[in-house]
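Read the structure below first, then the notes.
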Amino acid sequence: MIRSALAVALLLALAACSSPSTETAPPQAAAPAQSEETAPVNPLFAASTLPLQAPPFDKIKDTDYQPAIEEGMTRHLAEIEKIANNPDAPTFDNTFVAMEETGELLTRASRIFFALVQANTNDTLQAAQVELAPKLAAHSDAIYLNAKLFDRVKAIYDARETSGLDPVQLRLVEKTCTDFVRAGAQLNDADQSKLRALNKEESTLSTEFQNKLLAGTNAAAVEVDDVARLDGLGEGGIAAAADAAREKGLADGKYLLTLQNTTQQPVLGSLTDRELRLKVLEASETRTSRGDENDTRAIIQRLAQLRAERAQLLGYPNFAAYSLADQMAETPENAVKLMTDMVPAATARARSEAAKIQKMIDADKGGFKLTAADWDLYADQVRMAEYDLDEAQVKPYFELNRVLNDGVFFAANQLYGITFKERTDLPVYHPDVRVFDVFDADGSQLALFYADFFKRPSKGGGAWMDVFVEQDGLTGTKPVVYNVCNFTKPANGQPALLSFDDATTMFHEFGHALHGMFSNVKYPSIAGTSTSRDFVEFPSQFNENWALEPTVFANYAKHHETGEPMPQELVDKIVKARAFNQGYASTEYLAAALLDQAWHQLPADAPLQDVDQFELDALNRYKVNLAEVPPRYKTPYFAHIWGGGYSAGYYAYLWSEVLDHDAFQWFKENGGMSRENGQTFRDQVLSRGNSEELAAMYKAFRGKDPSVEPLLEFRGLK
Ligand SMILES: [Zn+2]
């Protein structure tokens, strides 16, 4: 996942910052935090003097963000007014380049702020977010709905074919103009007022959703009094549960099973106590639908409705149609077809997996019917029986540092020639965060990379990538990129042993990071990962392929105690077992993605929906309502679509997956992993951001349009 798309709509309107050398001395009296003579200087007001403008986390206080962002909005608006009111005739330079250079303070402060709100939040930051969200939405509208500014944009757009623009300039003009139109620039005054109100309301509700979800997920963690009930978790798992209980301030002897963001929970693969399993699953599925203060359903009802109203104002039949119009998929029909074509094979496979698991339960004299809470535990037994593969056997070979240095970084070195060196002199926002210098093949600095791997209560669920500083070809600014994950933190002094899924997640997020770090685009608003959602998961999912590449795998999968490589027999089993459980994985994903489409295909005149009933109907309609395979996210805790930038866009993972398997096929056809192939991919895809039409960019790299066949083969769905 990337967070860029979800930061705030306003970032679309923003360019990244200008270089530190052009930074003027900050704090005018206007800045609230600066107005008191004795007030300490707000460090966000000046560009960081740290390497690559790394955030000075040791100097920034939680109370610094709001005044910096508010002053940032004021300055940004003044800059925009100046461009809009320029007496000179509009030109590419005095309008488009000028816009790219605006909003320096706002961009800097909000990027750091939103990074922390997601990864290390607290009451002060959350309160600031609640206040800022509607103001930021209004700010974005103030730019996109500025009629004088749009007139200039439109004039340049209309003359684009004859004014001598180069292809990248043309792309910027077309994309920016589209963004203005999609934001309502062509609406009449009355409709623009309606739009402003809807945007403001949406930003407030979306923030409320995120805060309730975090609180609900923490509150739904399951307490256990008797250690015997944790049978199956192993020493490490039990110690982690004890740590989590201590962290929450529970009495000694108590244990806490914390929840991750998905419906299915990793502990369900180990716990032998069935009652406890059922309790954990129920806690997961009802975390934000218990009728308490963390219930999100009323928010969701209104969010679905107001998005439909917004789409209607902008001339679309529903929000999905609006949302997909500027994506690779172009229409909801295209996105839904890709998914529904897969439903029969995916659900058939899930049903046959369920039958096998039920057999295992019966052979065990379990005496119960399989539920989602039992799936992983018994699926593991099927895996052992069919593939003779035991997760517990595998984990000692995936120690976090080895996976990172000898796997993720190693693969990037083999493909792209880049190298990494950890540094401990830069300030971080939490002691778990690590920082790396990234050097290009010629030894020059390419980027900074921050990694924040472990789960904690102050962090939202899932894994994501974003930037503190975006690459900017106008100023020569280099990117500062970060990855955030939610791996279980080992008990003190223990090594962090990952599952193969976790290791794959690390490759995934680093694929996004490469997209950000290799960015070599002149204009920051179309740099790095600023692509459509259904393209942005392509570099990340593509990078997952290297986790099992034999030379890479042999380099990192070594026993954490002995350093012995994983026995070939076990490696073969992992490769073979890849097709395992694909019915479940495909079905839970399709259910969530189709649910997202259903919610966002509601017309504007539809009444408020009963959330539970709507979900049930949609799952039935798309034939993905399997009791044992609940959606990966149920409606009330589907953060991608209610709190983030994937509304009507959760299908994007599958769309990107078509590209990722097809691109990997290109590598296979051209000799596999090599510097030469890596360079081609970097030059033609990873460095280009959104600087040309994405389907054309892909085709130029591949030599033809992508085919869905390699994906179906990989998932065993042919
Ligand atoms: Zn991703």
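Order of appearance sets the numbers: ligands from 1, and atoms from 1 within every ligand.
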- Message: Apply salt bridge (charged side-chain N to carboxylate O under 4.0 Å, His left out) to residues Asp326 and Arg533 and explain how you reach the verdict.
- Response: CA-CA 10 Å; Asp326 72 339; Arg533 276 182 313 267; 5.7 Å; no
- Carboxylate-amine/guanidinium proximity below 4.0 Å for Glu692 and Arg688: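 Salt bridge flag = yes for Arg688 with Glu692.
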- What closest approach, in Å, do Phe410 and Thr551 show between heavy atoms, and which atom pair accounts for it?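 That would be CE2-O, 3.8 Å.
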- Metal environment of the Zn ion (ligand 1), protein N/O/S under 2.8 Å: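 Listed by chain and number, the atoms are Met1 N, His508 NE2, His512 NE2, Glu537 OE1.
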- Item | Donor + acceptor pair across side chains of Tyr637, Thr263 (<3.5 Å) |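 Yes - a donor-acceptor pair under 3.5 Å links their side chains.
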- Message: Test side-chain contact (heavy atoms from CB on, under 4.5 Å) on Val403 and Leu498; report intermediate values, then the result.
- Response: CA-CA 9 Å; Val403 177; Leu498 306 181; 4.3 Å; yes
- Checking ring-ring contact (aromatic ring centres under 6.0 Å, His included) against Phe538, which of Tyr698, Phe701, Tyr653 comes through?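 Exactly one option meets the ring-ring contact (aromatic ring centres under 6.0 Å, His included) with Phe538, and it is Tyr698.
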